[in-house]
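Structure first, then comments.
Below, read A as the first sequence line, B as the second, and so on, with proteins coming before strands; counting in each chain starts at 1.
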Amino acid sequence: MRRTHHCNALSAGDVGSEVVLMGWVQRRRDHGGVIFVDLRDREGMTQVVFNPDREPAVHRKAHGIRSEYVLGVRGVVERRPEGMTNPELATGEIEVMVSELKVLNKARTPPFLIENKVEVNENTRLQNRHIDLRRPVLQRNLMMRHKAAAAARAFLNDQGFLDIETPFLTRSTPEGARDYLVPSRLNPGSFYALPQSPQLFKQLLMISGFERYYQIVRCFRDEDLRADRQPEFTQVDIEMSFAGEDDVMYVAEGLIAAIFRDVLEMEVKTPFDRMTYHEALSRYGLDRPDTRFGLELCDISDIVAESGFNVFAGAVKKGGIVKALNAKGCADFFTRKEIDDFTEFVSVYRAKGLAWIRVKENEWQSPITKFFTEAEKKDMAERLDMEPGDLVFFGADQSAVVNEALGHLRIHLARKLWLIDDSVYRFVWITDFPMLEYDEAEKRYQALHHPFTAPAESDMEKLETDPLSVRSRAYDLVLNGSEIGGGSIRIHQKDLQIRVLEALGMNREEYAEKFGFLISALDSGAPPHGGIAFGFDRLMTILCGSQSIREVIAFPKTQKGACLMTDAPAGASRIQLDELGLKVVRPK
RNA sequence: GGGGGCGUAGCUCAGUUUGGUUAGAGCGCCGGCCUGUCACGCCGGAGGUCGCGAGUUCGAGUCUCGUCGCUCCCGCCA
């Protein structure tokens, strides 16, 4: 018995032909006489029929069929009787009258129904992932993922990029995330690190003269998990020589357009909008703004700096800011309880409070109105476009706190107010990032992107004198408020690289030990180069319309980094540990 | 490291507020009947370590403490 068709393939045009289908039993409907079975494979479903009048022996055998049995059936395609077609099913006009049945395998009763709509505990799903993956939505997600990867490869191949592999067993990089370590048996006491990204290797490939590189590659970061974060994740990694920002962005836009074309059959408009980091924070509070809706933040620090409301005036005096968010027409949309919940919501981001004003016809209903002069009120009303029916929220604190709190509140409000159109894909490049930020905990500067990002030409001389004001040549691609890619033009000159490493507080000995190979390579004829990496899982989460990155990964890990199918991670045997020269000290 | 939610039949959940008879429902499963269903229908049945462990109590699914797992978020991480 050899399969002739997939279960989505047959239609009225095939009536009369003998076919062989193979697949899983979605459902069996036994009428005592005739038995119907919905046979499912990865492509679709076909109803197959066992009729006692026509094939008594086969019909008898069909009684034993149960859900998820694997069947091979031979039969003739027949048009369904008048009025018996199923418009819900692609193959609903026909059915296969079975003349030969092979039970290829039996199956335990599945732990849950193989259907999209059944909401099953994630625990149960992950323990039975092979069954979970039979659900149509996950089959679709992984097929879309395949299509996207194929589209990316086709596009990049066509643009002259070479797919070159880089090592997984590599060296720990000190910046950024925690590394996964792999002990070396041949060098007891020494460890490989799994790459957080192939960053340095792709730069070395540019120095080697490959000019255009890409790789769809697994990366590893040993940090706590989130709905959009897994300890191992996939990047579409790109690097190109003799390229500036515009060149990389042009390729990136083409790549994204190709993926949307092949996966969603949708044309995205390029080039994408660009916005500076500064503008993003100022208008949206976050460096990954969701630009599908308005509700922008507005700075009123200057208006309230001298006001009698000490929370506002005091924040400004301490170097902070006061920003507002006008929810137009929402004065009566939210109850007092809901407004209190928003205060609770922003407290997560360390905001100490959330002031608000309900704009009524003749008054401002708010606990804080009394603190402001008429002039201040007038300025505020003008700046914030306050009209009767509006509800305005205020945050006052250090700018980082205000921006983060109101930035997240903005999204929270937009969801509640149904301001977000899920069918829209809004891209925006974020540019002109600061090169460095000050790490209060470690009392030193840190690279915002990574230490190989080039500073902006015009800011170069401030590297030593005013490091925080130096902008970098980095860029992030943001889609619907989610960062899906980021990259930069790299430093390709040894002297500049050393200056940057020193600005990060590294001494000669330190950088020589950690990055000696890179510095030496930069000195060997390194071309100007830059690149970008896309978070493939995150992109797929958006393309699939999923809520979690786990819905686009075949075998994801739980929040504690466990694989519930294989029970990884697991202990190691004494022999293994001895070979590696390791001793496990269990924390109490 | 911290905060929130969840954990009761194979699955989804009710019951927990106010401790008290034999812990229920839908779906699934098993058996019987049924020749045109497609969430087939009808009849009958089985199925429970109330996550786990202590404690309070005459009595705990319900109260207390601890612990494990899943999840969302903060920190962390681009």
TODO: Mind checking A:Glu404 for me? I need base, sugar-phosphate or nothing, with any heavy atom below 4.0 Å counting as a touch.
DONE: sugar-phosphate
Open item on the list: Can you confirm if the aromatic rings of A:Phe342 and A:His412 lie within a centre distance of less than 6.0 Å?
Closed with: yes
Task: Base B:U12 to side chain A:Asn121, donor-acceptor N/O within 3.5 Å cut-off - done: no
TODO: Check the distance between B:U71's P and A:Leu225's CG and give it to me in whole angstrom.
DONE: 8 Å
Task: Protein-nucleotide distance (A:Arg28, atom CZ; B:A39, atom C1'), rounded to Å - done: 15 Å
Task: Among B:G1, B:G36, B:C73, the nucleotide that comes nearest once only the side chain of A:Val34 is considered - done: B:G36
Task: Between B:U8 and B:G53 - P atom distance, rounded Å - done: 15 Å
Open item on the list: Roughly how many Å apart are B:G20 and B:G4, using the P atom of each and rounding to a whole number?
Closed with: 27 Å
Open item on the list: From C-beta outward on A:Gln47, which listed nucleotide comes closest to its side chain: B:C38, B:U35, B:C72?
Closed with: B:C38
- [ ] Report yes if at least one side-chain N or O of A:Lys560 is closer than 4.0 Å to OP1 or OP2 of B:C70; otherwise report no.
- [x] no
Task: For atom CG of A:Asp179 and atom C1' of B:C77, their distance in whole Å - done: 12 Å
Open item on the list: Does either side chain, that of A:Tyr277 or that of A:Glu279, offer a donor lying less than 3.5 Å from an acceptor on the other one?
Closed with: no
Task: Sugar-phosphate, base or nothing in reach of A:Asp30, heavy atoms under 4.0 Å - done: base
Task: Between A:Tyr192 and A:Phe168, ring centroids under 6.0 Å - done: no
Open item on the list: I'd like the C1' distance from B:G7 over to B:C13, given in whole Å.
Closed with: 12 Å
Open item on the list: Both A:Asp476 and A:Gly32 contact RNA chain B. Taking the nearest nucleotide for each, which residue is further toward the 5' end?
Closed with: A:Gly32
- [ ] Side chain of A:Val120 only, please: which of B:U12, B:A78, B:U35 is the nearest?
- [x] B:U12
- [ ] Describe the nucleic acid contact of A:Arg226 in one word from base, sugar-phosphate, nothing, applying a heavy-atom distance below 4.0 Å.
- [x] base
Open item on the list: Closest approach to the side chain of A:Thr558, judged atom by atom: which nucleotide of B:G75, B:U71, B:C40 is it?
Closed with: B:U71
Open item on the list: Say we look at B:U16 and B:G32: how far apart would their C1' atoms be, to the nearest angstrom?
Closed with: 40 Å
- [ ] State whether the aromatic ring of A:Phe112 stacks on the base of B:C11, taking stacking to mean ring centres under 5.5 Å apart and ring planes under 30° to each other.
- [x] no
Task: Test of ring centre spacing under 6.0 Å for A:Phe50 and A:His59 - done: no
Open item on the list: Need one value for A:Thr85: base, sugar-phosphate or nothing, where a base atom within 4.0 Å counts as base even if backbone is also close, heavy atoms only.
Closed with: base
- [ ] Counting Watson-Crick and G-U wobble pairs only, both distances under 3.5 Å, name the nucleotide matched with B:C70, or none.
- [x] B:G5
Task: Under-3.5 Å donor-acceptor pair between A:Glu82 side chain and B:G36 base - done: no
Open item on the list: Looking at A:Glu55 and A:Arg60, is there a salt bridge between them, counting it only when a charged N and a carboxylate O are closer than 4.0 Å?
Closed with: no
Open item on the list: Nearest to the A:Leu126 side chain among B:U71, B:C73, B:C29, which nucleotide is it?
Closed with: B:U71
Open item on the list: Please report the distance separating the C1' of B:A60 from the corresponding atom of B:G47, rounded so that it comes out in whole Å.
Closed with: 24 Å
Open item on the list: Pick the closest RNA chain B nucleotide for A:Pro111 and for A:Asp38 by heavy atoms, then say which residue is nearer the 5' end.
Closed with: A:Pro111
TODO: Please state how far atom CD in A:Glu68 lies from atom C1' in B:C11, giving the value in whole angstrom units.
DONE: 14 Å
Please list every donor-acceptor pair under 3.5 Å in which a side-chain atom of residues 474-487 of chain A meets a protein atom from a residue at least two apart or in another chain.
{"from": "A:Tyr475", "atom 1": "OH", "to": "A:Ser488", "atom 2": "N", "distance (Å)": "3.4"}
{"from": "A:Tyr475", "atom 1": "OH", "to": "A:Ser488", "atom 2": "O", "distance (Å)": "3.2"}
{"from": "A:Tyr475", "atom 1": "OH", "to": "A:Gly531", "atom 2": "O", "distance (Å)": "2.9"}
{"from": "A:Asn480", "atom 1": "OD1", "to": "A:Arg426", "atom 2": "N", "distance (Å)": "2.7"}
{"from": "A:Asn480", "atom 1": "ND2", "to": "A:Val424", "atom 2": "O", "distance (Å)": "3.1"}

Task: Distance test, side-chain N/O of A:Arg29 to OP1/OP2 of B:A39, below 4.0 Å - done: no
Task: Among B:G36, B:C72, B:C74, the nucleotide that comes nearest once only the side chain of A:Pro81 is considered - done: B:G36
- [ ] Determine which nucleotide pairs with B:U64, using a 3.5 Å limit on both distances of a Watson-Crick or G-U wobble pair.
- [x] B:A54
Open item on the list: OP1 or OP2 of B:C72 versus the side-chain N and O atoms of A:Arg550: is any pair under 4.0 Å?
Closed with: yes
Task: B:G48 pairs with, by Watson-Crick or G-U criteria that keep both distances under 3.5 Å - done: none
- [ ] Assess whether one donor atom and one acceptor atom, taken from the side chain of A:Arg229 and the base of B:C76, lie less than 3.5 Å apart.
- [x] yes
- [ ] May I ask you to decide if the ring planes of A:Phe515 and A:Phe452 are parallel, tilted or perpendicular, using 30° and 60° as cut-offs?
- [x] perpendicular
Task: A:Glu223, nearest nucleotide to its side chain (from B:C29, B:C77, B:G75) - done: B:C77
Open item on the list: One thing to verify: whether A:Arg221 and A:Glu232 come together as a salt bridge, which I'm taking to mean a side-chain N less than 4.0 angstrom from a carboxylate O.
Closed with: no
Task: Inter-nucleotide C1' distance (B:C29, B:U18), Å rounded - done: 37 Å
- [ ] Taking the six-membered ring for Trp and the single ring otherwise, decide whether the centroids of A:His31 and A:Phe36 are under 6.0 Å apart.
- [x] yes
TODO: Could you check whether A:Leu448 gets within reach of a base, just the sugar-phosphate, or nothing at all, counting any heavy atom under 4.0 Å?
DONE: base
Open item on the list: When you measure from the side-chain N and O atoms of A:Arg27 to the phosphate of B:C40, is any distance below 4.0 Å, counting only OP1 and OP2?
Closed with: yes
TODO: Both distances under 3.5 Å, Watson-Crick or G-U wobble: report the partner of B:G75, or none.
DONE: none
Open item on the list: Applying the Watson-Crick and G-U wobble criteria at under 3.5 Å, what pairs with B:C34? Answer none if nothing qualifies.
Closed with: none
Open item on the list: It should be established whether A:Arg108 places a side-chain nitrogen or oxygen under 4.0 Å from OP1 or OP2 of nucleotide B:C29.
Closed with: no
Task: Gap in Å between the two C1' atoms, one belonging to B:C65 and one to B:U57, rounded - done: 16 Å
Task: Pair of N/O donor and acceptor under 3.5 Å linking B:C38 base with A:Arg80 side chain - done: yes
Open item on the list: What I want to find out is whether A:Arg80 reaches A:Glu93 closely enough, with some N-O distance under 4.0 Å, to be called a salt bridge.
Closed with: no
Task: Gap between atoms CD and P, on A:Gln559 and B:C74 respectively (whole Å) - done: 11 Å
Open item on the list: What is the separation between atom CZ on A:Phe36 and atom C1' on B:U37, rounded to the nearest whole Å?
Closed with: 4 Å
Task: Distance, rounded to the nearest Å, where A:Phe534 contributes CZ and B:A78 contributes P - done: 18 Å
Open item on the list: Whole angstroms only, please: what is the CD1-P distance between A:Ile114 and B:C11?
Closed with: 13 Å
Open item on the list: Tell me which nucleotide, if any, is Watson-Crick or G-U wobble paired with B:G10 when both distances must be under 3.5 Å.
Closed with: B:C27
Open item on the list: Quiz question: going by heavy-atom distance under 3.5 Å, is there a donor-acceptor pair between the base of B:C70 and the side chain of A:Asn123?
Closed with: no
Open item on the list: Between B:G66 and B:C11, how many Å separate the two P atoms, rounded to a whole number?
Closed with: 29 Å
